[in-house]
Every structure is written in C-alpha cells, then in structure tokens.
Amino acid sequence: MSIIEVKNVSYTYDKTKFAVKNVSFDVKEGEYVAIIGHNGSGKSTLAKLFNALFVPTNGEIIVDGISTSQKDKLFEIRKKVGVVFQNPDNGIVASIVEDDIAFGPENIGVKREEIGERIDFALKTVGMEKFRYSSPDRLSGGQKQRIAIAGVLALKPKVIVLDESTAMLDPKGRQEILNVVKKLNKEQGVTVIAITHYMDEVLNADKVYVLDEGEIALQGTPREIFKEGAKIKSIGLELPLASFIAEKLRQAGVPVKDGILDKEELKGAICELK
C-alpha cells in the first residue's frame, strides 16, 4: 500500500523556473527510500512538499489517502509526515531535552500522561535516555540530531523525512543517525525518506530516486543506480567509495567484478582474485 503518492508534481518559487518538474513516484508503507541529487536539484523542495509546507504548483501529492492541497487537513498530514531538517539547532525550542520532545505532542493536544510515555519511547528509540534532563546546548551535533528525531517520533508519524539531516555532522555523528534510522525502519516499521548527497547513505535504501534539474533522472535499487556510473558522474554526483575504488581498479587492469557497493563486497571481490 502506498503511503505517499506523487503525481506529476511541479513546483516553482518565482513562476519562471521549476524547482521540481513533472515528478511522479509512490512510496510504499514501510519502505526506505533515498532521494539524491546535486545542490539545486530539487531535493529539499520535495521534502517540504511531502508534509504540505509547500503545495504543488501543478500535480498532486497524496499522503495516506489525503491530498496535501486540502487546507483543512494540513494538521492531520503533518502528524503523519515528520521532517528532520539539516540543522538541529533550528528546531530546538526548549532548554531541557524532555521539554523539547514534549513540545510537539503538547501542541497536538496529547494528554499529559501519554506525553510522558511518548517521551520515554522516543528517547529509548534514539538511545538518548540518560540525556532526558540535559540542556540541548551541551550536546554534540549528532546527539542534537538524535533529539530532533526523538521530537518527531513523539508525534508518532507514519513517515519520517530526513532532509540532509547528516550534512552538518562528522562521520561518527552521521553513523549514529544512520543507525537510528535503520532501526526505526526495520524494527518499528517507520517509512523513511532520506534526502542526502552522501552516496554511502543510500546503500540501505529499498529504492533510490536521482534528481537532476528538478526531474527524475534515474530510479531503481542502489545496485541498479550505481551501475550507471557514467550517468551518475555526468549529473554531478559521486559513486560510493567502494564502487569508486572498484572502478579505479578495473581501469588499472584489475578484473574486479562490476556492481560493488560496499567495503565487504569489495573485500570479497579482491579475495576472489587470488
């Protein structure tokens, strides 16, 4: 069953150039979908269209059976689709972690007793229970982003959209967030839409959409996408590190097989050469 349907969607900021143009695809409930593209390709515009921060100029987006053009349903749509943005500091509204996570549920009228349960659930899910009474200002970037995800989880959305949510983090922080997201998807059944420009973050996705100038240039599984190395590079993107190394080895005359995505596959392919 599709939780999000994108039907011939276009969006323009100034009526002269489309940031998103004639985009169509479905996101199935429980899927992990990645959207990649160079800067200005329309990725972040799509993120804002998913939960009706923006409404399509043309076309339609349907979230769990509700069109985002229905103004009287915006509140319901935003409870179903939570967005975690790039800079966690922009979303912090309280001086204590517990109060920050409670902010969303309080604003949608959740009962006080249930808010406490939601805070417990969200903090446990992102592994931040011991920071419940801490000040967000004292946390690392990765920890702040985990708290941002907890704040979204406390709303119990069906879909979490990560809009370049690891872009400001160091490699350790990025991995922390990826681990949390994978856990949410695999163990909690949360539908994930990850918007990123880090190719290695795409490898766990069920499906990948590559945007170029607001349009879908490629779509498929990670393995199908990264077999199109020349096309990927022609639109300003890089291959995952293991794929890049494998390509360089082949160019140097080493018969490493095609379609390698991660370091384990690369290691296995090299061992097969002995």
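Only a predicted model underlies this, so the values are computations on that prediction, with no experimental measurement involved.
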Any chance [atom1] of [X] has more than 12 other-residue heavy atoms, nucleotides or ligands included, within less than 6.0 Å?
X: F121; atom1: CZ; answer: yes
X: K48; atom1: NZ; answer: yes
X: F54; atom1: CZ; answer: yes
X: K21; atom1: NZ; answer: no
X: N39; atom1: CG; answer: no
X: K248; atom1: NZ; answer: no

Do [X] and [Y] have side chains that approach each other closer than 4.5 Å (heavy atoms only, starting at C-beta)?
X: V210; Y: I235; result: yes
X: F25; Y: I216; result: yes
X: I101; Y: V97; result: yes
X: P136; Y: I147; result: no
X: L218; Y: Y209; result: no
X: K207; Y: T221; result: no
X: R118; Y: V110; result: yes
X: L49; Y: P56; result: yes

Look up atom [atom1] in [X] and atom [atom2] in [Y], then write down how far apart they are to the nearest 0.5 Å.
X: L178; Y: K182; atom1: CG; atom2: NZ; result: 6.5 Å
X: I115; Y: E113; atom1: CD1; atom2: CD; result: 8.5 Å
X: S95; Y: R138; atom1: OG; atom2: CZ; result: 11.5 Å
X: T125; Y: I149; atom1: OG1; atom2: CD1; result: 10.5 Å
X: E176; Y: R146; atom1: CD; atom2: CZ; result: 4.5 Å
X: L241; Y: Y198; atom1: CG; atom2: OH; result: 13.5 Å

Which atoms form the tightest heavy-atom contact between [X] and [Y], and what is the distance?
X: P157; Y: I160; result: CG-CG1, 4.1 Å
X: V256; Y: A269; result: CG1-CB, 4.0 Å
X: L211; Y: G42; result: CD1-C, 3.7 Å
X: P88; Y: G141; result: CG-O, 4.3 Å
X: F50; Y: V6; result: CE2-CG2, 3.9 Å
X: Q70; Y: I66; result: OE1-CG2, 3.7 Å

Check: [Y] main-chain N/O paired with [X] side-chain donor or acceptor under 3.5 Å:
X: S2; Y: I4; value: no
X: E31; Y: K28; value: yes
X: Q145; Y: Q86; value: yes
X: S135; Y: I96; value: no
X: D100; Y: V93; value: yes
X: R78; Y: A52; value: yes
X: S41; Y: E213; value: no
X: E224; Y: G220; value: no
X: N58; Y: V9; value: no
X: N185; Y: G30; value: yes

Honestly curious: do [X] and [Y] fall in one hydrophobic cluster under the side-chain, below-4.5 Å linking rule?
X: I177; Y: M128; answer: yes
X: Y32; Y: V84; answer: yes
X: V190; Y: I77; answer: no
X: I35; Y: V63; answer: yes
X: V152; Y: I108; answer: yes

Does this structure show an ion pair linking [X] with [Y], if we count only N-O contacts that are shorter than 4.0 Å?
X: E76; Y: K79; result: no
X: E238; Y: K233; result: no
X: K257; Y: E265; result: no
X: E5; Y: K7; result: yes
X: R132; Y: E98; result: yes

When you check the side-chain N and O atoms of D212 and H38, is any donor under 3.5 Å from an acceptor? yes
Scan side-chain atoms only and decide if E201 and T166 contain a donor-acceptor pair under the 3.5 Å cut-off. yes
Set of residues satisfying side chain to side chain contact (heavy atoms under 4.5 Å, CB included) with respect to D258, sequence neighbours excluded: R250
Evaluate the salt bridge (Lys or Arg N to Asp or Glu O under 4.0 Å) criterion for residues E106 and R112: first the C-alpha distance (whole Å), next the side-chain angles of each, then the deciding distance (0.1 Å), finally the verdict. CA-CA 8 Å; E106 285 174 346; R112 190 173 187 83; 5.0 Å; no
F18 vs V20, test: side-chain contact (heavy atoms from CB on, under 4.5 Å). Steps then yes/no. CA-CA 5 Å; F18 284 101; V20 173; over 6 Å; no
Checking D206 against V33 for the side-chain contact (heavy atoms from CB on, under 4.5 Å) test, could you report, in this order, the C-alpha distance in whole Å, the side-chain angles of both residues, the deciding distance, and whether it holds? CA-CA 6 Å; D206 298 309; V33 171; 5.9 Å; no
side-chain contact (heavy atoms from CB on, under 4.5 Å) assessment of I195 paired with V161: CA-CA 7 Å; I195 294 170; V161 179; 4.1 Å; yes
Among V27, I62, V81, find the one that has a side-chain contact (heavy atoms from CB on, under 4.5 Å) with I3. V27
side-chain contact (heavy atoms from CB on, under 4.5 Å) test vs I260 passes for just one of I270, L239, L266, namely L266
Are S243 and L261 close enough, and set up right, to give a side-chain contact (heavy atoms from CB on, under 4.5 Å), and what steps lead you there? CA-CA 5 Å; S243 302; L261 292 181; 4.1 Å; yes
Hey, do the aromatic rings of Y13 and Y11 have their centres closer than 6.0 Å? yes
